[in-house]
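Here is the structure we will look at, set down as structure tokens.
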Amino acid sequence: MNFQQLRSIREAARRGYNLTEVANALFTSQPGVSRQIRELEDELGVVIFERNGKRLTGLTDPGKGILKIIDRLLIEAENLQQASLEYTGQNSGTLSVAATHTQARYALPKVVQSFRAAFPEVRIALQQSAPEHIAEWVLSGKTDIGIATEGLSQFPDLVSFPCYRWSHLIVVPDGHPLLARSPIRLEDLAEFPLITYDIGFTGRGHIDAAFAKADVKPDIVLTAMDSDVIKQYVALGMGVGIVASMAFDHGRDKGLRAVEASHLFAANTTRLAVRKGAYLRSYAYHFIQQFAPELTRAEIDAALAGGEQS
């Protein structure tokens with residue numbers, strides 16, 4: 001039994017049993033992947049994958065149980081590597097952080113700046129994507145930490161921590177008719193074309209839920225992942241924007257006005273996620289506590305070990 005065999009099994013399950021993709025991910029050949037899988041099945045005396053001819057089609061019942069064990073073994077192997085790095089070079093390395101655009105643009109700069117001052121020899125690899133991709137990257141070990149408002153708490157193999165709460169704002173150009181209405185109602189918003197986030201981003205679920213509950217149909221004419229893009233189109237007069245509160249700066253966003261919308265849409269919670277059972281370097285703990293100062297190391301460790309998180 002060797003780690004290449006274990007990785008072949010894990011990647012085959014992750015990549016929909018497409019051995020070409022598995023081979024590319026592991027920098028080997030498709031016949032090589034097939035051989036690794038067969039050799040491990042022969043050694044264990046168990047058929048791990050269901051097949052249609054030579055093509056893998058799914059996991060057998062024993063294979064499902066074996067895959068869980070393989071996942072744990074590979075996680076511990078990666079943890080062993082991280083532990084060795086921790087004890088041989090505590091203040092150097094790479095911290096990979098994946099976040100949505102809104103978090104990377106508005107919530108992370110001060111945290112990254114403070115972190116770099118504390119750990120100047122640690123490189124930060126900052127990636128941006130959709131919440132579901134962020135979750136997949138953390139689960140696969142591609143990234144150490146994931147940050148998003150939506151989705152992260154839905155994955156049982158992730159440990160996610162609530163970090164801060166925020167609400168949405170309504171953004172309009174100076175002189176817009178909505179500025180004369182107070183308080184603004186959902187019915188008022190529905191009179192105008194709306195510009196807001198793509199589905200699955202930055203609290204969009206709470207926006208849709210509020211309109212649905214009130215039985216009001218909004219006219220959402222444009223969506224984007226990027227708050228700055230939304231504000232740009234609002235400034236062009238294309239519609240009324242609904243953005244995250246931290247995305248509006250009264251000094252920078254000249255020509256635009258922000259109106260409180262916490263009475264219309266439920267509050268949102270940004271969460272930070274790491275893989276359950278992961279070994280965190282000391283600087284990773286520091287980053288997490290910079291982003292969520294109320295978290296203690298003991299609370300983080302308890303959650304990583306399988307304890308409950310709020």
Exercise for the section: Show your reasoning for whether side-chain contact (heavy atoms from CB on, under 4.5 Å) applies to D226 and R105. Expected result: CA-CA 9 Å; D226 186 332; R105 172 70 175 82; over 6 Å; no

Practice task
Run the salt-bridge test on R15 and E11 with the 4.0 Å N-O cut-off and return the result as yes or no.
Solution key: yes

Practice task
Run the salt-bridge test on D71 and K68 with the 4.0 Å N-O cut-off and return the result as yes or no.
Solution key: no

Atom [atom1] of [X] and atom [atom2] of [Y]: how far apart are they, to the nearest 0.5 Å?
X    : Y    : atom1 : atom2 : value
L295 : Q290 : CG    : CD    : 12.0 Å
D208 : H206 : CG    : NE2   : 10.5 Å
F3   : R10  : CZ    : CZ    : 10.5 Å
T223 : D198 : OG1   : CG    : 4.0 Å
S29  : N24  : OG    : CG    : 10.5 Å

If only atom types and distance count, is the side chain of [X] paired as donor or acceptor with the main-chain N or O of [Y] below 3.5 Å?
X    : Y    : answer
H176 : V171 : no
E39  : Q5   : no
E150 : G203 : yes
E260 : S167 : no

Consider only side-chain heavy atoms of I, L, V, M, F, W and Y, link residues closer than 4.5 Å, and tell whether [X] and [Y] are in one cluster.
X    : Y    : result
L186 : L169 : no
V112 : Y283 : yes
L236 : L194 : no
I207 : F192 : yes
V46  : I70  : yes

So do the side chains of [X] and [Y] get within less than 4.5 Å of each other, counting heavy atoms only?
X    : Y    : answer
F119 : R281 : no
Y279 : L304 : no
E43  : M1   : yes
I66  : L44  : yes
Y17  : R55  : no
L264 : I170 : yes
V234 : V243 : no
V47  : P62  : no

Should the pair [X] and [Y] be assigned to parallel (<30°), tilted (30 to 60°) or perpendicular (>60°) ring geometry?
X    : Y    : answer
F291 : F287 : parallel
Y197 : H168 : tilted
F211 : F265 : tilted

Handout entry: Option among V22, N18, I37, I48 that satisfies the side chain to side chain contact (heavy atoms under 4.5 Å, CB included) test with L56
Key = I37

Exercise for the section: Please name the residue in the list F201, F248, Y106 that meets the side chain to side chain contact (heavy atoms under 4.5 Å, CB included) test with S227. Expected result: Y106

Considering all heavy atoms of both residues, which atom of [X] and which atom of [Y] are nearest to each other, and what is their separation?
X    : Y    : value
A99  : Q103 : CB-CB, 4.0 Å
A273 : V138 : O-CG1, 4.2 Å
A247 : D253 : O-OD2, 3.8 Å
I134 : A148 : CD1-CB, 4.4 Å
A118 : H286 : CB-NE2, 3.7 Å
A117 : P120 : O-CD, 3.9 Å

Exercise for the section: Applying side-chain contact (heavy atoms from CB on, under 4.5 Å), run through I220 and R204 and close with a yes or a no. Expected result: CA-CA 12 Å; I220 298 177; R204 170 65 188 274; 3.5 Å; yes

Practice task
Determine, stepwise, if the pair L178 / R181 fulfils side-chain contact (heavy atoms from CB on, under 4.5 Å).
Solution key: CA-CA 5 Å; L178 276 177; R181 305 185 192 183; 4.2 Å; yes

Completion exercise
Residue pairs meeting side chain to side chain donor-acceptor pair (under 3.5 Å), one or both in residues 124-143, sequence neighbours left out, come to S96-Q127, S96-T143, H101-Q128, S129-H133

Practice task
Test side-chain contact (heavy atoms from CB on, under 4.5 Å) on L179 and V172 and set out the steps.
Solution key: CA-CA 8 Å; L179 295 173; V172 295; 3.7 Å; yes

Problem - Residue that, paired with T270, satisfies side chain to side chain donor-acceptor pair (under 3.5 Å) out of T202, T102, T149 - result: T149

